[in-house]
Chemist: 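Would you mind keeping the following structure in view while I ask a few things?
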Amino acid sequence: MTQARIEATIPRRVWDSRGRPTIEVEVRLSDGSLGRGIAPAGASRGSREAIDRRDGGERLGGLDVREALAAIELEVAPALASTVLTGPLAADEILLRLDDTPTKSVLGGNVTVATSIACAHAYAASVGLPLWRVLADDARPSGDAQVSIPLPEIQIFGGGAHAGRRIDIQDLMVIARGASSVEQALAMTAEVYLAAGRLMAQRGAATGVADEGGHWPAFESNEHAIETLLRAIEAAGYTAGDEVAISLDIAASEFGARGQYRLGLDKQTIDSDGMIDLLGRWLERYPICSIEDPLAEDDLEGMRAFTQAWGKRIQIIGDDFLVTNAALIDAAAAGGACNAALIKPNQAGTLSEARDALGAARKANWSTVVSARSGETEDTTICDLAIGWNARQLKVGSITRGERTAKWNALIRAEQALGAAAFADGRWLRVSNAGSP
Ligand code: PGA
Ligand code: ZN
């Protein structure tokens, strides 16, 4: 434990991977330790997640954060001043006293998450240990908490709100199920990414990269995109399904509400049952091991029916549907919707609340995936969370662009320190089209 007190909480405006302003908070302790945290930003946000504080008006498209910076200076810094951090998440109690709303509508989720992260790093610096280590010890003070290097889930094609809605599916990703280390998982994924680029170039369809670094899609239908991903896995020399499986984030709330789903690329509007049938056909045809937000956030019945049909065979992740909220995860688990939770710290607003959401998922025997946002920075805290909380999976976007590779490269370093035996491999994940339903 440290006896160091918070001496200064300094906000500044920095920039995210979409060229939008965001908040960095720097926390300095009396022993000279320093921690920084930067808030990421989503584009396909759940309606119940913590709200970012933005200025509105003309400047920077209304996205400027000057009011949020002022709130840190005038409200947060005085509340934190002279606090002795008794653990990596100790400052969160103070933040939650300042703003106890679930959507952080008083201070702003970008204010609380950047401050929460900065304080965690300052504590880790003060005790001279990596953040993942102190997070693990904080969860299990006996020092026997399991830590692991998470299995990467990596985007090959970007779509939906991240690519001008060129296709409806938001993320077409791969999971290197057969890899025995993160080192190997990343190399296998890079081969698939390069093969996908070659396939698109051959068709004259290589048009750049989407928000998270995946190839910008130029496809005739949603299924054509899945088909191309399958061919890229094979062209890279891997057995599709066994070695490298497909993972989809449908992000269905972006094109569906009140039981109606409008598939722009496929030029059809279908109801919830139609959506479940469509997904079922893809799952029978392609080696898919994980699917996120297959139905919209307001479609509880659809999510239950889909989980009933496929939940024993594949991973079904709630993102917008659960917004990293322990109470929503408890309710979904009790109602039989989803079998996995995406954990995005800025959806919750503080690291403590993200940890509680992860705990709720674990209690339900669900799998967990710590995740970045589509608007990201060089901040790699989510790697510490995934390792220290033993989340076992990490989703960051593609294997290009610095804000993405910062995270993958941090995992490579951590794996060198912990050894490949700490890698959470994906062999337990099942593939949708292996065997009959
Ligand atoms: P977002 O997308 O960060 O734009 O919300 C990521 C996701 O849906 O998983
Ligand atoms: Zn998602």
Side-chain angles (χ1 to χ4, degrees), residues 16-20 22 38-52 54 63 103 109-110 113 150 152-175 209-214 216 246-256 279 288 290-299 303 306 315-325 328-329 332 337-338 340-349 354 357 361 367-377 379 381-382 385-386 391 393-398 401 403-404 407:
D16 77 11
S17 54
R18 278 192 276 254
R20 294 178 181 169
T22 186
I38 310 181
S44 66
R45 288 185 296 269
S47 63
R48 290 170 289 195
E49 67 176 79
I51 303 159
D52 282 350
R54 305 269 183 189
L63 297 170
T103 56
N110 46 357
V113 82
E153 185 187 17
I154 302 184
Q155 187 188 73
I156 305 297
F157 300 118
H162 302 162
R165 299 180 200 279
R166 183 64 187 75
I167 58 173
D168 303 292
I169 302 174
Q170 181 180 284
D171 296 311
L172 289 109
M173 299 169 285
V174 294
I175 294 182
V209 299
D211 279 7
E212 297 192 4
W216 184 282
I246 294 174
S247 169
L248 303 175
D249 181 1
I250 306 295
S253 305
E254 289 294 308
F255 58 86
L279 295 169
I288 297 167
S290 181
I291 196 156
E292 182 176 323
D293 284 347
L295 286 306
E297 60 181 8
D298 65 355
D299 194 353
M303 200 66 111
F306 185 77
Q315 175 169 262
I316 303 171
I317 308 173
D319 169 16
D320 296 344
F321 190 71
L322 302 169
V323 293
T324 315
N325 179 302
L328 291 176
I329 291 171
C338 307
L342 205 71
I343 304 294
K344 290 170 165 168
N346 82 322
Q347 279 184 330
S367 47
T368 54
V369 185
V370 171
S371 171
R373 300 307 302 249
S374 51
E376 268 294 331
T377 68
D379 189 304
T381 309
I382 55 168
L385 306 183
Q393 293 179 75
L394 183 67
K395 177 187 181 196
V396 174
S398 199
R401 301 177 47 135
E403 78 280 5
R404 314 287 150 190
K407 278 73 158 175

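All values derive from a computational prediction rather than experimental measurement. We count ligands from 1, going down the list as the structure has it; atoms in each ligand are counted the same way.
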Chemist: At a 4.0 angstrom heavy-atom cut-off, what protein residues surround ligand 1?
Modeler: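 Residues near ligand 1: Gly42, Ala43, Ser44, His162, Gln170, Glu212, Asp249, Glu292, Asp319, Leu342, Lys344, Arg373, Ser374, Lys395.
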Chemist: With distance as the sole criterion, is a donor-acceptor pair present between the side chains of Glu254 and Ser44 under 3.5 Å?
Modeler: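 Checked: Glu254/Ser44 side chains show no N/O donor-acceptor pair below 3.5 Å.
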Chemist: Return the CG to CG distance between Asp293 and Asp319, rounded to the nearest 0.5 Å.
Modeler: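 Taking CG in Asp293 and CG in Asp319, the distance rounds to 4.5 Å.
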Chemist: Whether the side chain of Gln315 engages the backbone of Ser367 through a donor-acceptor N/O pair (distance < 3.5 Å, no angle test) should be reported.
Modeler: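 Checking the backbone N and O of Ser367 against the side chain of Gln315, no donor-acceptor pair under 3.5 Å is found.
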Chemist: Closer than 2.8 Å to the Zn ion (ligand 2), what protein N/O/S atoms do you find?
Modeler: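 Within the sphere that stays under 2.8 Å of the Zn ion (ligand 2), the protein atoms of type N, O or S are Asp249 OD2, Glu292 OE2, Asp319 OD2.
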Chemist: Carefully, step by step, assess Arg18 and Asp16 under the rule salt bridge (Lys or Arg N to Asp or Glu O under 4.0 Å).
Modeler: CA-CA 5 Å; Arg18 278 192 276 254; Asp16 77 11; 5.1 Å; no
Chemist: Out of curiosity, Ser17 OG to Glu212 CD, how far, rounded to the nearest 0.5 Å?
Modeler: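 Ser17 atom OG to Glu212 atom CD measures 8.0 Å (nearest 0.5 Å).
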Chemist: Check the surroundings of atom CZ in Arg404: do more than 12 heavy atoms from other residues, nucleotides or ligands lie under 6.0 Å from it?
Modeler: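 Enclosed.
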Chemist: How about Gln155 and Asp249: does a side-chain donor come under 3.5 Å of a side-chain acceptor?
Modeler: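 No, Asp249 and Gln155 have no side-chain donor paired with an acceptor closer than 3.5 Å.
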Chemist: Do Lys407 and Glu376 meet the salt-bridge criterion of a basic N to acidic O distance under 4.0 Å?
Modeler: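 Yes.
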Chemist: For Arg48, which of Thr103, Val323, Asp320, Asn325 qualifies under side chain to side chain contact (heavy atoms under 4.5 Å, CB included)?
Modeler: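 The side chain to side chain contact (heavy atoms under 4.5 Å, CB included) with Arg48 is passed solely by Val323 among Thr103, Val323, Asp320, Asn325.
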